[in-house]
Amino acid sequence: MNKFTILKQRYKILLNYVIGPLLFIVLCWGIYRKIQTQPNLHSFLSTLQSAVTGEHSLLFWLVLALSLVNWGIEARKWQLLIKGIQRVGLWQAFKAVLSGLAFSLFIPNRAGEYVGRILYMSEGNRLRSVSLTIVGSISQLLVTLTAGLGGLIYLRVYLLPVNDNLRQLPSFWLDGLLYVTAFGVLILLLIYYKLAWLTTLFEKIPFVYKYRFLIEQLENFHWRELTRILVLSIGRFVVFIVQYLLLLSVFAVTMPVTTGVWLVCVLFLVLAIVPTIPIAELGVRGAVGIQLFGLISSNTTGILLTAAGIWCINIIVPALAGSLFILSIKLFKK
């Protein structure tokens, strides 16, 4: 065995068995610091304990179980997206999704999800999987914008005429947001179902042609496959809505179910279009939640606790699990 081979093996050991544990420590510390810096942490933990063991504990545990359903659907979606370049099991896809979630806490707008997921791909497929993962993000954004558009229409038609608080918002701005969202839905829909054509057109650019192997798999998507991915994204969004309504009930924020559904749709629309940094995400969720649900309910504490609960259950707890999965990753095999 020559010196070069020995050196390569040493680097391989360093990357696989040192970098992985260090990533785990850094991610756990970041999550811990993120929780510690949140305002009213003690009050939140006390109320959360009451929710876990109180009369609404069954609803709380149902919300927690739905988080597994949520990320399980996302794992299945990613599994289907990348099957053209690499077959992965559902459990492997689930670990990849949660590992990506752990990284996303440190990178704005969930861009870290791509980093975590590619670590579970073979070395030749890692960069190729990025464009496929983006397709999944487009499908989820399309669902979010469409549902948000429905929510805005509900606000405009049913709540604006009767709600004094909403009357203070000029209808011009609400209409403007409605039209911009409708335009965004149309553009995304065209992009989504014309991926093969757009990819072929894009590859004709000389600079892109040189790296076409990174996106050429997009040409193979059939409209049936894209629709299947879109249906899974709709399923995830339905889970989001059910989770939010259940936690609102746990924390005694009462409102008509129909109104609650459409307000949650508008909430996720705002969260999708407003750029956020991870450390401020909970604050943004709370502020938007108060503005929207405050139109119907005066239970500000319950609204804030719901936003924080969803954040913990859907983001923090899965991210902790994802940081554990990172320990088992071998970053480089060659």
Is the shortest heavy-atom distance from the side chain of [X] to the side chain of [Y] under 4.5 Å?
X: Leu81; Y: Phe221; answer: yes
X: Ser137; Y: Tyr114; answer: yes
X: Ser99; Y: Leu119; answer: no
X: Glu225; Y: Arg228; answer: no
X: Phe293; Y: Asn299; answer: no
X: Leu246; Y: Leu66; answer: yes
X: Thr133; Y: Ile118; answer: no

For [X], side-chain contact (heavy atoms from CB on, under 4.5 Å) partners two or more places apart:
X: Gln92; value: Val88, Lys95, Tyr120
X: Val317; value: none
X: Ser131; value: Ile215, Leu218
X: Tyr193; value: Leu189, Trp223, Leu226, Thr227, Leu230

- [ ] Would you please say whether a donor-acceptor pair under 3.5 Å links the side chains of Asn314 and Gln243?
- [x]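 A pair is found: one side chain offers a donor N or O, the other an acceptor, under 3.5 Å apart.
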Open item on the list: Between Ser104 and Glu113, do the side chains contain a donor N or O and an acceptor N or O under 3.5 Å apart?
Closed with: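 Not at all, the side chains of Glu113 and Ser104 share no donor-acceptor pair under 3.5 Å.
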Following the transitive rule for hydrophobic clusters with a side-chain heavy-atom cut-off under 4.5 Å over Ile, Leu, Val, Met, Phe, Trp and Tyr, establish whether [X] and [Y] coincide in one cluster.
X: Trp61; Y: Leu248; value: yes
X: Val157; Y: Val185; value: yes
X: Leu90; Y: Leu232; value: no
X: Leu195; Y: Leu186; value: no
X: Val231; Y: Val239; value: no

Results of side-chain hydrogen bond (donor to acceptor under 3.5 Å, both in side chains) for [X] - residues two or more places apart only:
X: Ser139; value: Ser233
X: Thr146; value: none
X: Tyr192; value: none

Report the distance from atom [atom1] of [X] to atom [atom2] of [Y], rounding to the nearest 0.5 Å.
X: Ile310; Y: Tyr244; atom1: CD1; atom2: OH; result: 6.5 Å
X: Gln217; Y: Asn125; atom1: CD; atom2: CG; result: 9.5 Å
X: Thr306; Y: Leu245; atom1: OG1; atom2: CG; result: 10.0 Å
X: Met121; Y: Gln86; atom1: CE; atom2: CD; result: 4.0 Å
X: Lys83; Y: Leu132; atom1: NZ; atom2: CG; result: 12.0 Å
X: Ile73; Y: Ile234; atom1: CD1; atom2: CD1; result: 11.0 Å

Show the atom names and distances, to 0.1 Å, of all donor-acceptor pairs under 3.5 Å that link a side chain in residues 250-270 to residues at least two apart or in another chain.
unit_1: Thr259; atom_1: OG1; unit_2: Tyr154; atom_2: OH; d: 2.9

Open item on the list: Among residues at least two apart in sequence or on other chains, which ones pass salt bridge (Lys or Arg N to Asp or Glu O under 4.0 Å) with Arg128?
Closed with: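 For Arg128, no residue satisfies salt bridge (Lys or Arg N to Asp or Glu O under 4.0 Å) once neighbours in sequence are set aside.
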Open item on the list: Would the distance check show the side chain of Ser67 and the main-chain N or O of Ile313 forming a donor-acceptor pair, the cut-off being under 3.5 Å?
Closed with: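 Here the side-chain-to-backbone pair exists.
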- [ ] Can you tell me which residue pairs pass the salt bridge (Lys or Arg N to Asp or Glu O under 4.0 Å) test with a partner in residues 56-81, sequence neighbours excluded?
- [x]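 Listed by first then second residue: Glu74-Lys77, Glu74-Arg117, Glu74-Arg236.
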TODO: With sequence neighbours excluded, give me every side-chain hydrogen bond (donor to acceptor under 3.5 Å, both in side chains) pair touching residues 286-298.
DONE: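 Residue pairs passing side-chain hydrogen bond (donor to acceptor under 3.5 Å, both in side chains), neighbours aside: none found.
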Open item on the list: Between Glu219 and Trp197, is the side-chain contact (heavy atoms from CB on, under 4.5 Å) condition met? List the steps.
Closed with: CA-CA 7 Å; Glu219 300 174 18; Trp197 178 77; over 6 Å; no
Task: Qualifying ring pair (Phe, Tyr, Trp, His ring centres under 6.0 Å) pairs with a residue from residues 73-93, counting only residues at least two apart or across chains - done: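 Listed by first then second residue: Trp91-Phe94, Trp91-Phe325.
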